[in-house]
Amino acid sequence: MPSPRSRKRPEPAGPAAGRPARFTRDYRIPAQPSVLVDVRRDVERAAACFGFEDRDRTDFVFAANEAVTNAIRHGNPDASGTIRLRIAADGERLSLAVFDCGPFVPRVQRRGPLEAGGRGFELMETLVDEVEVRAEPGRTMVRLSKAREPAR
Amino acid sequence: MSDFQIGEESLDGGIGVVHGSGELDFHAAPVLEQVVAGRLDAGARHLVVDLAAVTFVDSTAIGVLMSALGRVREAGGSLAVVNDRENVRTIFEMMGLDEAMPLHRSVEDAVSALTQAA
């Protein structure tokens with residue numbers, strides 16, 4: 001299981017190319033805006049490893065960035081000031097889950113054309129196949145999943 | 001690390017130009033907001049937001065641009081954005097901004113568009 005800091009050379013994509021399409025990476029990040037650039041790098045690496053290219057890759061990274069941004073912006077880190085991320089591939093789908101310790105903050109009511117911040121959630125839903133929210137007392141998970149295109 | 005960096009200048013005709021580079025996300029957006037506000041407070045009527053060297057834009061950054069657009073329009077001016085990257089164009093299109101905020105390929109193109117509209 002590569003660590004977030006390992007440097008892997010890009011490999012041929014997808015199960016057909018003999019490339020592992022199952023992996024799970026769990027890690028914690030400080031709930032600070034300055035980490036977002038590193039999170040995007042990690043998600044991009046995972047998306048490339050999974051075989052997403054071009055538009056699929058940028059869409060997944062953009063959606064992941066929205067989800068992690070929301071958690072940093074509105075969520076509640078744990079006592080150590082961190083939130084947990086899980087990037088997982090199960091063969092057909094790549095997912096990113098963001099876990100924090102707080103109640104889920106419902107999407108911001110749109111107040112008009114200038115209130116772009118509340119549209120992050122809508123955007124995520126456009127960019128990936130599924131956005132799942134699981135809210136329990138003291139813990140919220142937001143998970144994005146995007147399926148691989150069927151082989152052409 | 002693609003730290004966001006920002007520069008600014010004034011051009012004739014009340015045009016303020018803000019040059020950004022790097023990744024424009026929730027961390028960087030307040031800096032853009034501050035510099036844009038500074039230009040408008042200093043009397044710029046039109047604004048060119050030069051994002052040619054920006055490789056990533058998120059929804060918080062778009063929010064800053066939309067607020068700037070509102071403020072500029074209230075003052076009777078125009079705003080033009082410069083960026084020629086496909087991933088950024090895609091975000092603008094997805095957020096339905098491509099008409100309100102067309103993307104120009106260069107600062108020169110943006111300035112021409114502003115001076116024609118004036």
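Just so it is clear, the structure is predicted and the values come from calculations on it, not from any experiment. First the proteins, then the strands, lettered A, B, ... as listed; each starts at 1.
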Region of Ile91(B) in contact with chain A, defined by heavy-atom distances below 4.5 Å: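 It is the side chain, since no backbone atom gets that close.
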For chain A, the option from Asn87(B), Asp25(B), Val64(B) that forms the most heavy-atom pairs under 4.5 Å: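 Among Asn87(B), Asp25(B), Val64(B), the one with the most close pairs to chain A is Asp25(B).
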Residue pair Asp78(A) / Arg28(A), side-chain heavy-atom distance below 4.5 Å: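 Yes, their side chains come closer than 4.5 Å.
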Side-chain heavy atoms of Ile15(B) within contact of Val17(B), under 4.5 Å: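 They are in contact (side-chain heavy atoms under 4.5 Å apart), so the answer is yes.
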Option in Thr69(A), Thr58(A), Thr126(A), Asp54(A) with maximal non-hydrogen atom pairs under 4.5 Å from chain B: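 Ranked by contacts with chain B, first place is Thr69(A).
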Choice from Leu127(A), Val61(A), Asn65(A) maximising heavy atom contacts with chain B below 4.5 Å: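 Ranked by heavy-atom pairs under 4.5 Å with chain B, first place is Asn65(A).
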Pairs flagged by ring-ring contact (aromatic ring centres under 6.0 Å, His included) wherever residues 82-116 of chain B is involved - sequence neighbours left out: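 Pairs touching residues 82-116 of chain B that pass the test: none.
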Non-neighbouring partners of Phe56(B) that pass ring pair (Phe, Tyr, Trp, His ring centres under 6.0 Å), sequence neighbours left out: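 Counting only residues at least two positions away or on another chain, Phe56(B) forms a ring pair (Phe, Tyr, Trp, His ring centres under 6.0 Å) with Phe62(A).
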